[in-house]
Number of protein chains: 2
Amino acid sequence: MITKNKERLTNQKKIIFDYLKSVKIHPSAETVYSAVKKKLPRISLGTVYRILKNLKEKKEINEILSGVSCYDGDISPHAHFICEDCQKIFDVFEKCHFLKYRRTKIGKIKKYQIYFYGICTKCSK
Amino acid sequence: MITKNKERLTNQKKIIFDYLKSVKIHPSAETVYSAVKKKLPRISLGTVYRILKNLKEKKEINEILSGVSCYDGDISPHAHFICEDCQKIFDVFEKCHFLKYRRTKIGKIKKYQIYFYGICTKCSK
DNA sequence: GTGCCTGCAAACATTTTGCAAAAAC
DNA sequence: GTTTTTGCAAAATGTTTGCAGGCAC
């Protein structure tokens, strides 16, 4: 994990970072909190929010905006499929999109996010 | 404007709908509230939220997730550029994306949203 | 030892909801 | 007249923040 400036490497940061990198789900702050509490019983939700924000700013994780913010430890280029029924977030690695330009008339694109909405196979049964 | 089932067409709905269709900005619920208050001085913010939700469900407007929810009366296919500095939302009609498939392994895609992030030309000066 | 970081709780912002009155049909 | 919708206020939800003590360096 990167640390910038006078930033310190705490246990809370390490454990949240490791957790996000190890799971395939896209947890909310609340879910991260519940998960890391097993290893850090005294951690607070405020700290989780602060660390998630910090990791996001350092571009070590991505934020997924879907009502409540969810977080993705996988920062490789991929899209997300959000099921409108169960609200689960799925990764889409299929090459179904091709972004040709790195610049629009409005400004230079630093990053982009693609969200697909629909009903997942499980829910459509 | 479409009305479904036993839905009634009220002044509040008409004015909010007209407002969203007439502006080029992407207003938040609060902004919509301030704007329509000129014509409906007694409208409440709760009503604005209810009507925005209703219009969204009928697919007459789109919701843009960018921290606070913003709304777009233009439902034609286009992407959004969000300036990380001024937080303004811009429309991107340029054909810089081509979504080839209407189906992924996860489920059938009903709609998609593309968000570009960067610094707009005004802020980068 | 210095100063960044945490836990805690309170504050804040945004959105939803229950209810009686008002409006649409 | 009936039923939906509104305005209002309170509640719920999600997130941020101030501060004193704790921990990394």
Side-chain angles (χ1 to χ4, degrees), chain A residues 1-20 26-58 60-72 82 84 87 89, chain B residues 1-20 26-58 60-72 82 84 87 89:
Chain A
M1 185 181 8
I2 305 165
T3 51
K4 287 190 177 178
N5 306 323
K6 290 172 185 175
E7 189 187 343
R8 286 171 192 185
L9 191 51
T10 62
N11 242 322
Q12 288 87 336
K13 277 179 198 167
K14 271 182 275 183
I15 288 169
I16 289 177
F17 182 78
D18 288 347
Y19 168 72
L20 283 170
H26 305 79
S28 64
E30 195 72 49
T31 306
V32 172
Y33 175 61
S34 305
V36 298
K37 229 178 173 176
K38 288 163 196 162
K39 288 192 179 178
L40 299 163
R42 290 183 49 72
I43 198 170
S44 75
L45 187 54
T47 300
V48 172
Y49 274 104
R50 268 186 287 231
I51 291 174
L52 289 171
K53 192 179 203 175
N54 169 264
L55 290 171
K56 190 180 71 177
E57 280 163 3
K58 293 186 295 176
E60 304 233 53
I61 62 169
N62 275 322
E63 188 177 14
I64 300 169
L65 299 167
S66 66
V68 300
S69 283
C70 293
Y71 298 89
D72 192 352
I82 299 170
E84 290 173 325
Q87 301 295 320
I89 300 168
Chain B
M1 185 181 8
I2 305 166
T3 51
K4 288 190 175 179
N5 306 322
K6 291 171 185 175
E7 190 187 341
R8 286 169 193 187
L9 191 52
T10 62
N11 242 322
Q12 288 87 335
K13 276 181 198 167
K14 271 182 276 183
I15 288 168
I16 290 177
F17 182 78
D18 288 347
Y19 169 71
L20 283 171
H26 305 79
S28 64
E30 195 73 48
T31 305
V32 173
Y33 174 62
S34 305
V36 300
K37 229 178 171 173
K38 288 164 198 161
K39 289 192 178 177
L40 300 162
R42 292 184 49 72
I43 197 169
S44 74
L45 187 54
T47 300
V48 172
Y49 273 104
R50 268 185 289 230
I51 291 174
L52 289 172
K53 192 179 203 175
N54 169 265
L55 290 171
K56 190 180 73 177
E57 279 163 2
K58 294 187 293 178
E60 304 232 53
I61 62 169
N62 275 322
E63 189 178 13
I64 299 168
L65 299 166
S66 67
V68 300
S69 283
C70 293
Y71 299 88
D72 191 352
I82 299 170
E84 290 172 326
Q87 299 296 319
I89 301 168

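Naming convention: chains lettered A, B, ... in sequence-line order (proteins, then strands); numbering from 1 in each chain.
Under the 4.5 Å side-chain criterion, counting only non-hydrogen atoms from C-beta, A:Y19 is in contact with A:T31.
One can place NZ of A:K4 at 17 Å from P of C:dC4, the figure rounded to the nearest angstrom. Atom CG of A:L9 is separated from atom C1' of C:dG3 by 16 Å (rounded to the nearest Å). Computed from coordinates, the B:L40 CG to D:dC8 C1' distance equals 16 Å when rounded to whole Å. In this structure, the CD atom of A:E63 is 13 Å from the C1' atom of D:dT16, given to the nearest Å. In this structure, the CG atom of A:N54 is 13 Å from the C1' atom of C:dT6, given to the nearest Å. Distance CE (A:M1) to C1' (D:dA24): 13 Å, rounded to an integer number of Å. Atom CD1 in B:I51 sits about 10 Å away from atom P in D:dT5, given to the nearest Å. Atom CG of A:L52 and atom P of C:dC5 are 15 Å apart (whole Å).
In terms of modelled atom types and a separation under 3.5 Å, the side chain of B:K39 and the main chain of B:I15 share no donor-acceptor contact.
Mapping B:R8 and B:T47 onto DNA chain D by nearest heavy atom places B:R8 closer to the 5' end of the strand. A residue-by-residue look at B:L45 and B:E7 shows that B:L45 has its nearest nucleotide of DNA chain C further toward the 5' end.
Regarding contacts with the backbone of C:dA24, every side-chain N or O of B:Q12 stays at 4.0 angstrom or more from both OP1 and OP2. Under 4.0 angstrom from either OP1 or OP2 of C:dT15 there lies at least one side-chain N or O belonging to B:S69. Taking side-chain N and O atoms only, B:Y49 has no distance below 4.0 Å to OP1 or OP2 of C:dT16. Here B:T10 does not reach the OP1 or OP2 of D:dT4: none of its side-chain N or O atoms lies under 4.0 Å away. Regarding contacts with the backbone of D:dC25, every side-chain N or O of A:K6 stays at 4.0 angstrom or more from both OP1 and OP2.
Using a cut-off of 4.0 Å between Lys/Arg side-chain N and Asp/Glu carboxylate O, B:E7 and B:K13 are scored as salt-bridged.
Between A:Y49 and A:K53, the side chains place no donor N or O within less than 3.5 Å of an acceptor N or O (distance only, hydrogens not considered).
The base of C:dT6 lies outside donor-acceptor range of the side chain of A:R42, with no N or O pair under 3.5 Å.
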**OP:** Show your working on side-chain contact (heavy atoms from CB on, under 4.5 Å) between B:E63 and B:Y71 and close with a plain yes or no.
**Re:** CA-CA 5 Å; B:E63 189 178 13; B:Y71 299 88; 3.7 Å; yes
